[in-house]
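Notes to accompany the following structure.
Each residue takes its place number in the sequence, starting with 1.
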Amino acid sequence: MLGERVKKLTKLMLTGLTMALCVVTFSPTVKTEAAMLQESEPNDNPAQANQLPLNTWVKGTVQGNDQDWYQFTISQSGVSQIEIARDAENTYEDYTWAVSLEDANRHQLAYFYTNSKNYKIGLAPGKYYIRLNQSHGYSVAFSYNLKVSHTPSDSWEQERYYGDKSLSNANIVYANKIYTGKLYCRDDVDWYRFKLNGNNKLSLRFTIDDTVSNPEIWRIELIEYNSRKSLGRYDLDTNETLTVDKCSGDLIVKVWSGYGGAIGDIYHLQLATTPIISSSNTNVKPSTSSTKKPATVKKPSVTKITSIKAGKRKATVRWKKASNATGYYVYRATSPRGKYKKVATVTGRTYYTDKKSLKSRKNYYYKVVSIRKSGSKVLKSKASGYKRVKVK
């Protein structure tokens, strides 16, 4: 451990890198106009964490069991985005980092493995830490680029440690406005509080974000704040509108994951009310499942392959982003009109590197199909035109 740290410190000293603004070569995923800072060692624990200014890239290196710690401060509620990208000096395409987001009390709010990722989460004002280390303890030093961006907003859930959440600090929401949330772990529960004026017929519009390619089960419960009486509980895996025939006073919307499958997925809520003039009927009745009408799901558009690049026994295919698509199927054949076999399902990006049993100096043909998943259904577009590549 000590030897690895000495090697790393020696490397940084020899290259003259300090925690100051400097000019570096960017990974293709990093905006070249952004200012770049350099990690300052030692930063192997929270007490040594580097200060990370918001909206600024920092370049760092991890080696072996080394950990890099950063801290940043959020002064206004909004949505934060953690971006991590492989640095141009790091040629290991399949290399991944383990990234942990923690609050001031060292409670973990996010944990993921990645080699290139944009992770969004709504954060309340406060101090936060990021811990970054190799997913495997390689002896080789791997460089990375890291940035935390923050955009002030009152429409994102203010995330906090699940053990600190309660009805008393529920997110306050208003009618006809869309709010966004995320369940960051299996134990997380999101609370929203909606104050009503008089008797109302209420509708709750629940939608799944387009970044979610395989929706799982969310559980939604509507609760009267004062009496804690449940007005209806629902298991959802599609876009739905829930209704309550009559409701008054404060309303609580509780959101959690049915079977842990919706963890990390983004959802949206929108509440609407219709005042009830007559007070003759005082019974509060939630709508039955038969009154819920799922939204019409549009079929994704056809994509187009923009480029295909040959490598040593591999091929990288790139295509255009298709509207209404949540993912893509990649197909391969050995002749233009041969039998195309699906080799990958891709979500969150518009490229794929195929390394599956490719032979040198052989021609391969690729097509891409846009897909949109809604519950258990998959809507598919027509296939793109094929493109040929000769593998090296």
Side-chain angles (χ1 to χ4, degrees), residues 4-5 7-46 48-74 79-102 109-121 123 128-151 211 264 316 318 348-351 353:
E4 292 173 349
R5 292 184 182 175
K7 289 180 182 178
K8 184 174 179 181
L9 286 169
T10 303
K11 180 182 177 183
L12 294 177
M13 293 173 64
L14 290 174
T15 54
L17 298 174
T18 60
M19 191 64 176
L21 294 175
C22 58
V23 179
V24 299
T25 302
F26 283 82
S27 163
T29 59
V30 178
K31 296 181 179 180
T32 56
E33 70 272 14
M36 174 68 78
L37 298 176
Q38 172 63 48
E39 167 205 7
S40 178
E41 286 281 2
N43 61 342
D44 301 326
N45 57 61
Q48 300 171 328
N50 288 180
Q51 291 288 342
L52 179 59
L54 296 177
N55 307 310
T56 303
W57 285 100
V58 62
K59 178 181 177 180
T61 305
V62 287
Q63 182 174 1
N65 295 320
D66 180 32
Q67 294 184 355
D68 289 349
W69 283 83
Y70 299 90
Q71 64 173 310
F72 61 95
T73 302
I74 299 296
V79 55
S80 296
Q81 179 170 273
I82 301 172
E83 297 180 68
I84 181 167
R86 189 167 49 87
D87 188 75
E89 297 177 0
N90 182 359
T91 59
Y92 293 83
E93 295 183 4
D94 296 330
Y95 177 79
T96 57
W97 293 273
V99 182
S100 176
L101 170 66
E102 301 178 10
L109 302 181
Y111 186 77
F112 52 86
Y113 295 96
T114 184
N115 61 1
S116 178
K117 189 178 185 69
N118 295 339
Y119 185 89
K120 286 185 176 181
I121 187 170
L123 293 178
Y128 297 91
Y129 293 95
I130 289 180
R131 185 190 74 220
L132 190 147
N133 57 278
Q134 293 188 29
S135 58
H136 302 285
Y138 295 115
S139 59
V140 180
F142 291 95
S143 54
Y144 60 84
N145 296 311
L146 171 69
K147 181 172 74 169
V148 176
S149 304
H150 184 75
T151 303
T211 58
T316 300
R318 296 181 181 274
R349 62 181 189 272
T350 54
Y351 65 90
T353 299

Any side-chain heavy-atom pair of [X] and [Y] under 4.5 Å:
{"X": "Tyr70", "Y": "Val148", "result": "no"}
{"X": "Leu146", "Y": "Ile130", "result": "yes"}
{"X": "Glu41", "Y": "Asp66", "result": "yes"}
{"X": "Lys59", "Y": "Glu39", "result": "no"}

Would a distance-only check, ignoring hydrogens and angles, find a side-chain to backbone donor-acceptor pair under 3.5 Å from Gln134 to Val62? yes
Expected output: side-chain Asn50 to main-chain Ser40 donor-acceptor under 3.5 Å: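 Yes, the answer is positive, given that a donor and an acceptor are paired below the 3.5 Å cut-off.
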Could I get the full list of side-chain hydrogen bond (donor to acceptor under 3.5 Å, both in side chains) partners for [X], not counting sequence neighbours?
{"X": "Thr211", "answer": "Asp209"}
{"X": "Thr350", "answer": "none"}
{"X": "Tyr128", "answer": "none"}

Kindly give the heavy-atom pair with the smallest separation between Trp97 and Arg86, and that separation in Å.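 Smallest interatomic distance, heavy atoms only, reads CH2-CA, 3.7 Å.
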If you compare all heavy atoms of Glu83 against all heavy atoms of Ser149, which two are closest, and at what distance to 0.1 Å?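 Heavy atoms only, the tightest pair is OE2-OG, 3.6 Å.
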Hey, can you tell me if Phe112 and Tyr119 have their rings parallel, tilted or perpendicular (30° and 60° cut-offs)?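 Parallel: the ring planes of Phe112 and Tyr119 meet at under 30°.
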